[in-house]
Each structure stands twice: as C-alpha cells, then as structure tokens.
Amino acid sequence: MADMKMLDASDRALSTGYMMWYRFSRNPAAVIGTLILISVVVLAVFAPWLTPYPKHVGAVVDFRARHVAPDATHWFGTDKVGRDIFSRTVFGMRVSLLLVIGVLGISVPIGTVLGLIAGYFGGWVEKIITGLTNVMLAMPPLVMALAVSNLLEPNLMNAMIAITLLWWTWHARLIYSVSKSIASEDYIEAARLAGAGPMHILFREILPNCVAVISVKTTLDAAFVILFGATLSFLGFGVKPPIPDLGSMVADGRQFMPSYWWEVVCPGAAVFYVTLGFNLLGDGLRDMFDVEG
C-alpha cells in the first residue's frame with residue numbers, strides 16, 4: 001500500500017511537471033526568449049574567443065579606423081577612437097549579466113526572507129518590515145540610485161549597491177502578500193499543532209509555494225535591472241569607460257548622431273535584445289506556473 005501511494009505521488013509529480021513544460025513549450029514567445037538568453041549567455045561567457053577584437057574592450061586607440069561604418073571587418077562599425085563596437089557590445093552584455101546576477105542574487109533572498117517573516121509572524125514584526133518597505137518604495141528609484149551613485153565612485157560594484165538598496169523592497173512586498181495568505185491555510189495550522197517550528201514552517205511549508213511567483217518576478221526584474229544599470233551608465237553614474245557598458249556606449253555615441261548612427265543603434269539594440277529575452281522568458285514562466293498578474 002505504501003509503495004502504491006509513493007507511485008501515485010510520483011505519477012502526479014511527473015504529470016504536473018509535464019503539463020508545466022507543455023504549457024511553456026507551446027508558448028512561442030517563451031521559446032524565443034529562452035533562445036535569446038542562451039545566445040546572450042554563450043556570447044558573454046565566451047566573449048574573449050567569439051569577438052574579433054577582444055583587446056578593444058580596454059583603452060585601445062586607432063585613429064585610422066575612427067567612425068568606420070558596419071562592414072565585413074567591423075560588423076557594428078567602430079567608435080570615435082577606432083574600437084570595434086561589436087566586440088565592446090558583447091563584453092557590455094557580459095557586464096549587464098554580471099549586474100543582474102549581483103543585484104538579484106542579493107536583493108531576492110533579502111526581500112524573500114523579510115517578506116516571509118512579515119507575512120507569517122505579523123504583529124510588530126510585520127509593522128516594522130512593511131513600514132520600512134513602504135518608506136523605501138515611496139522614494140523615486142532613479143533619484144535614490146543617483147544619490148547613492150553620486151556618493152560613491154562610479155563602478156560596477158557601486159552600481160550594484162545603488163540598485164540593490166532599492167530592489168529588495170519589491171520582492172519583500174510580493175512575498176509578504178503571498179505568505180500572508182498562505183499563513184492562514186489549514187495545513188499551516190496543522191503543521192504548527194504537530195510541533196513544527198517557525199523555521200520549518202517558513203522554509204519547508206510556505207517558501208515552496210512562493211517559488212513560482214519568485215521565479216517569474218526575478219526573470220522579469222532582470223530586464224528592469226539591465227535598463228536601470230544602462231540608465232545610470234548613460235547618465236555618468238554607472239560603469240565608467242574604458243570598461244564597455246551598453247549605457248555608456250550609447251552616451252558616447254549620441255554626440256555623433258545621425259552621421260555615425262551605428263555607435264548608438266548597435267549598443268541600444270543590444271539592450272533591447274537582452275531585455276526582450278528576459279521579458280519573453282518571464283511571460284513563459286508565468287504561463288508555465290499559471291501565475292496571475
């Protein structure tokens with residue numbers, strides 16, 4: 001009998017997993033988004049070997065090749081000092097992915113834990129956490145990030161700090177609302193009566209039910225983090241040259257528009273390409289997990 005129950009549970013898990021994968025695979029946008037992100041990750045990881053001019057990510061100057069239009073040698077043309085824009089764009093996508101990993105790798109766990117604690121314990125703990133979250137959410141994100149970046153030296157690490165100080169709040173608010181509703185379920189009360197401790201209930205009972213919304217939110221947020229980081233760099237408060245960043249590349253090239261349009265269009269198209277991939281994948285995960293909103 002026990003073996004039959006285990007087989008039934010295994011069959012249900014396989015059936016659920018298959019249906020989730022079926023919904024995902026039948027979504028063309030989700031598949032396209034996955035393929036886009038795979039291409040971005042491959043380019044970013046193997047950038048030194050896939051780019052024709054990897055040395056152009058540094059302070060290389062070749063005035064004989066200034067403002068060369070896109071051709072067979074320079075696919076995205078060259079910039080104002082003769083550096084290959086395609087090579088710098090690929091390395092710029094690597095910087096964007098590092099920013100996503102750094103920001104979401106810190107803010108998602110912090111926001112998730114605070115949201116779980118506030119939703120489960122309630123009382124004064126809930127008031128303190130939700131009050132702090134509301135205060136942070138009331139501040140304009142870009143203004144806050146610019147203020148933090150202005151106090152620190154502009155570089156990738158400080159850009160991560162500036163964005164992370166803001167980003168955990170959205171995850172805390174989301175997980176708080178989900179865990180608040182789950183905490184009142186009968187099976188949570190049954191686990192509490194059975195002697196389960198708060199840590200067991202938080203991370204073994206409530207957290208697994210938040211995985212779907214966390215996955216969707218994190219994927220969609222990755223696109224916003226890239227745009228936010230590119231905006232900071234565009235305004236001069238993010239990654240500084242000669243390190244290639246898509247936002248600073250657009251800022252450098254705008255003074256030569258429209259004559260040398262490729263210096264803005266190519267890195268700008270790269271920002272659109274990466275963010276499109278994350279958005280399409282997020283929509284696919286939302287359908288797969290059947291998450292509302």
Side-chain angles (χ1 to χ4, degrees), residues 27-47 50-52 56-57 67 69-71 74-80 83-104 141-142 145 156 159-160 162-163 166-167 170 216-239 241 243-287:
N27 187 332
V31 175
I32 293 173
T34 302
L35 294 176
I36 289 175
L37 291 183
I38 290 174
S39 68
V40 170
V41 171
V42 170
L43 284 171
V45 172
F46 299 102
L50 296 179
T51 53
H56 284 200
V57 301
H67 304 303
D71 57 20
H74 301 284
W75 297 348
F76 289 0
T78 63
D79 62 11
K80 61 183 179 181
R83 295 174 298 192
D84 182 65
I85 294 178
F86 174 74
S87 300
R88 291 180 60 80
T89 298
V90 172
F91 277 90
M93 289 193 294
R94 171 188 275 191
V95 172
S96 296
L97 291 182
L98 288 175
L99 185 65
V100 168
I101 294 171
V103 171
L104 297 182
L142 185 58
L156 181 61
M160 288 182 184
I163 301 175
L166 303 167
W167 226 268
W170 285 286
V216 174
K217 175 66 173 171
T218 301
T219 306
L220 294 174
D221 274 0
F224 287 105
V225 169
I226 291 173
L227 288 173
F228 213 79
T231 301
L232 288 178
S233 296
F234 179 84
L235 296 174
F237 294 96
V239 180
I243 298 175
D245 179 85
L246 300 177
S248 60
M249 290 174 65
V250 172
D252 288 340
R254 63 175 175 165
Q255 58 184 308
F256 303 110
M257 284 288 286
S259 300
Y260 308 120
W261 54 266
W262 55 88
E263 298 184 28
V264 171
V265 171
C266 291
V271 174
F272 172 78
Y273 183 74
V274 180
T275 55
L276 176 66
F278 278 113
N279 281 321
L280 293 178
L281 178 59
D283 289 338
L285 291 177
R286 178 185 292 144
D287 293 339

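Being a predicted model, the structure only gives us computed values, none of them experimental.
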Nearest atoms (heavy-atom pairs only) where D245 meets G229: OD2-O, 4.5 Å
Atom pair CG/OG1 of L246 and T231 - distance to nearest 0.5 Å: 11.5 Å
Approximate separation, where rounding is to 0.5 Å, of F76 CZ and D71 CG: 12.5 Å
More than 12 heavy atoms of other groups within 6.0 Å of F224 CZ: no
Between W167 and D221: side-chain donor-acceptor atoms closer than 3.5 Å: yes
Side chain R88, main chain H56, donor-acceptor under 3.5 Å: yes
Shortest non-hydrogen contact from S39 toward I36: OG-O, 2.5 Å
M249 side, atom CE; D79 side, atom CG - distance, nearest 0.5 Å: 7.0 Å
Working for side-chain contact (heavy atoms from CB on, under 4.5 Å), residues V225 and L104: CA-CA 8 Å; V225 169; L104 297 182; 4.1 Å; yes
Test item: L166 and F228 side chains (from C-beta on) under 4.5 Å apart, heavy atoms: yes
Side-chain donor or acceptor of S248 paired with backbone N/O of P244 under 3.5 Å: no
Nearest heavy atoms of G282 and T219, plus distance in Å: N-CG2, 3.5 Å
Sidechain-backbone polar pair: R94 side chain, V45 backbone, donor-acceptor under 3.5 Å: yes
L232 side chain near I163 side chain, heavy-atom distance below 4.5 Å: yes
Stepwise side-chain contact (heavy atoms from CB on, under 4.5 Å) test for V100 and I226: CA-CA 7 Å; V100 168; I226 291 173; 3.4 Å; yes
Minimum-distance pair of heavy atoms, taken over all atoms of I85 and P267: CG2-CD, 4.3 Å
Rounded distance [0.5 Å steps], CD1 in I32 versus CG in D283: 12.0 Å
Closest non-hydrogen atom pair between A30 and G284, with its separation: CB-CA, 3.3 Å
Smallest separation among heavy atoms of H67 and W262, with atom names: O-CZ2, 3.3 Å
Verdict with reasoning, F278 to V274, per side-chain contact (heavy atoms from CB on, under 4.5 Å): CA-CA 7 Å; F278 278 113; V274 180; 3.8 Å; yes
Heavy atoms of other groups near I243 CD1, more than 12 under 6.0 Å: no
Any donor-acceptor N/O pair, S233 side chain to A230 backbone, under 3.5 Å: no
Euclidean distance, L35 CG relative to L281 CG, rounded to 0.5 Å: 10.5 Å
From OG1 (T78) to CZ (F86), nearest 0.5 Å: 15.0 Å
Check against side-chain contact (heavy atoms from CB on, under 4.5 Å), E263 and D252: CA-CA 8 Å; E263 298 184 28; D252 288 340; over 6 Å; no
